[in-house]
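This report concerns only the one structure given below.
Just so we're on the same page: letters track the sequence lines, and every chain starts at 1.
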Amino acid sequence: MPELPEVETVRRGLAETILGRRVVDVVVTGARTVRRTSPEAVFDGLMGTTPIAVRRRGKYLLVMLDSREAVMIHLRMSGQLLWLEEHDARPSHTHVAVTFDGERRQTLAFVDPRTFGEVVVFDPERADVVLPELARLGVDPVADPFDRATLAAIVRGRSRLVKPLLLDQHVIAGIGNIYADEILHAAKVHPEALSSRLSGAAVTRLHTCIVRILDDAVAARGSTLVDARYVDLMGESGSYQTRHRVYGRAGLRCLTCGRGILRHLRWSGRSTVFCPVCQRLPGGGRGQRAIRITP
DNA sequence: AACTGTCCCTGCAAGC
DNA sequence: TGCTTGCAGGGACAGT
């Protein structure tokens, strides 16, 4: 599942490949991928343009074009961007293919089996109409200033369970289920701790771990899971999965304390793994609310 | 304001 | 072997 580190790795890959290259062909075969607009709008918006910048906000990629329009790409669960040579076969589930000029023609393929991902060409001046969620994104802990005071204000100003809070893109943009679990574990914070009641020390640990884990994961070019499909533009896996301590390890012994057995929680279809020994629930949490499934 | 469940979708694994 | 079922999850949305 692409989260901030994976999307940032893809962003860097795009910056190294497509900038300054003119679009000479566009093939849209997946109507669902361009559902926000239409295949024609994506074709017309891309053909003949040249990307001049690639940005990222949370898990959203934004490619700025010389036409003064922009492309929003969201990979959601299973989306990939792959850089293909002219003779390479199109992978199955390729929904949009954009070919660039140059010494040799190369193609950027948007591949997405589950079709949750999206490609939208839009006018940034009208972003609030076409992509209202962009303006509602919270602070990006890698791209924006994000000091301890920023996190303290976020946490103190709300009375929410800390894991759903970390996952809320309107509050902090870019953290998904994998990194949320890893961050909470490293910070020794229970996923059901109440944000407003975190101690000052816990806020400090949480801040340190958000920054450290996301930075380390970006440096490792993201996490490639056994079943998940994340790879970078060149098809290379990331390596941060070797440093996961809780994600995917429910029922196994905690690598950190060597004593706890990692537990699995589920709220509304989202799973959480944590160590009940390392991550104790302080008095303010509401630990009885979730359905516990303990292997 | 905060939370829950539903939907969208495919690939894979487990169970029968 | 071949089916069915469940699960994975990001984010919008509706309902409480």
Results of side-chain hydrogen bond (donor to acceptor under 3.5 Å, both in side chains) for A/Tyr179 - residues two or more places apart only: A/Glu6, A/Ser223
Under the side-chain contact (heavy atoms from CB on, under 4.5 Å) test, which residues partner A/Val203, sequence neighbours left out? A/Arg148, A/Leu151, A/Ala152, A/Val155, A/Arg156, A/Leu198
Determine, for nucleotides 9-16 of chain C in 5'-to-3' order, which nucleotides have protein heavy atoms under 4.0 Å from the base (write B), from only the sugar-phosphate (write S), or from neither (write -). BBBS----
Going by number, which of residues 233-245 of chain A have a non-hydrogen atom under 4.0 Å from DNA chain B? none
Under-4.0 Å side-chain N/O to phosphate OP1/OP2 contact, A/His93 with B/dC9: no
Among A/Arg90, A/Arg104, A/Arg105, find the one that has a salt bridge (Lys or Arg N to Asp or Glu O under 4.0 Å) with A/Glu85. A/Arg104
Taking side-chain contact (heavy atoms from CB on, under 4.5 Å) as the test, write out the residues that go with A/Arg160, two or more places apart. A/Arg158, A/Pro164, A/Leu165, A/Asp168, A/Val171, A/Ser195
Relative orientation of the end axes in the helix from B/dA2-C/dT16 to B/dC16-C/dG2, expressed as an angle to the nearest 10° (five pairs per end): 50°
Which residues satisfy the side-chain hydrogen bond (donor to acceptor under 3.5 Å, both in side chains) test with A/Arg55, sequence neighbours excluded? none
Extract all donor-acceptor atom pairs below 3.5 Å that involve side chains of residues 25-33 of chain A and protein atoms in other chains or at least two apart in sequence.
| unit_1 | atom_1 | unit_2 | atom_2 | d |
| --- | --- | --- | --- | --- |
| A/Thr29 | OG1 | A/Thr94 | O | 2.9 |
| A/Thr29 | OG1 | A/His95 | O | 3.3 |
| A/Arg32 | NE | A/Thr115 | O | 3.1 |
| A/Arg32 | NE | A/Thr115 | OG1 | 2.8 |
| A/Arg32 | NH2 | A/Thr115 | O | 2.9 |

According to ring pair (Phe, Tyr, Trp, His ring centres under 6.0 Å), does anything in residues 45-86 of chain A pair up with another residue at least two apart or in another chain? List the pairs. A/Tyr60-A/His74, A/Trp83-A/Phe100
Within residues 115-163 of chain A or reaching into it, pairs that qualify as ring pair (Phe, Tyr, Trp, His ring centres under 6.0 Å) - sequence neighbours excluded: A/Phe146-A/His207
Exercise answer: donor-acceptor pairs, residues 124-133 of chain A side-chain atoms, under 3.5 Å, sequence neighbours excluded:
| unit_1 | atom_1 | unit_2 | atom_2 | d |
| --- | --- | --- | --- | --- |
| A/Glu133 | OE1 | A/Arg36 | NH1 | 3.2 |
| A/Glu133 | OE2 | A/Arg36 | NH1 | 3.3 |
| A/Glu133 | OE2 | A/Arg36 | NH2 | 2.7 |

Which donor-acceptor pairs under 3.5 Å do the side chains of residues 208-221 of chain A make with protein atoms, sequence neighbours left out?
| unit_1 | atom_1 | unit_2 | atom_2 | d |
| --- | --- | --- | --- | --- |
| A/Thr208 | OG1 | A/Thr204 | O | 2.9 |
| A/Asp216 | OD2 | A/Arg243 | NH2 | 3.2 |
| A/Arg221 | NH2 | A/Asp232 | OD2 | 2.9 |

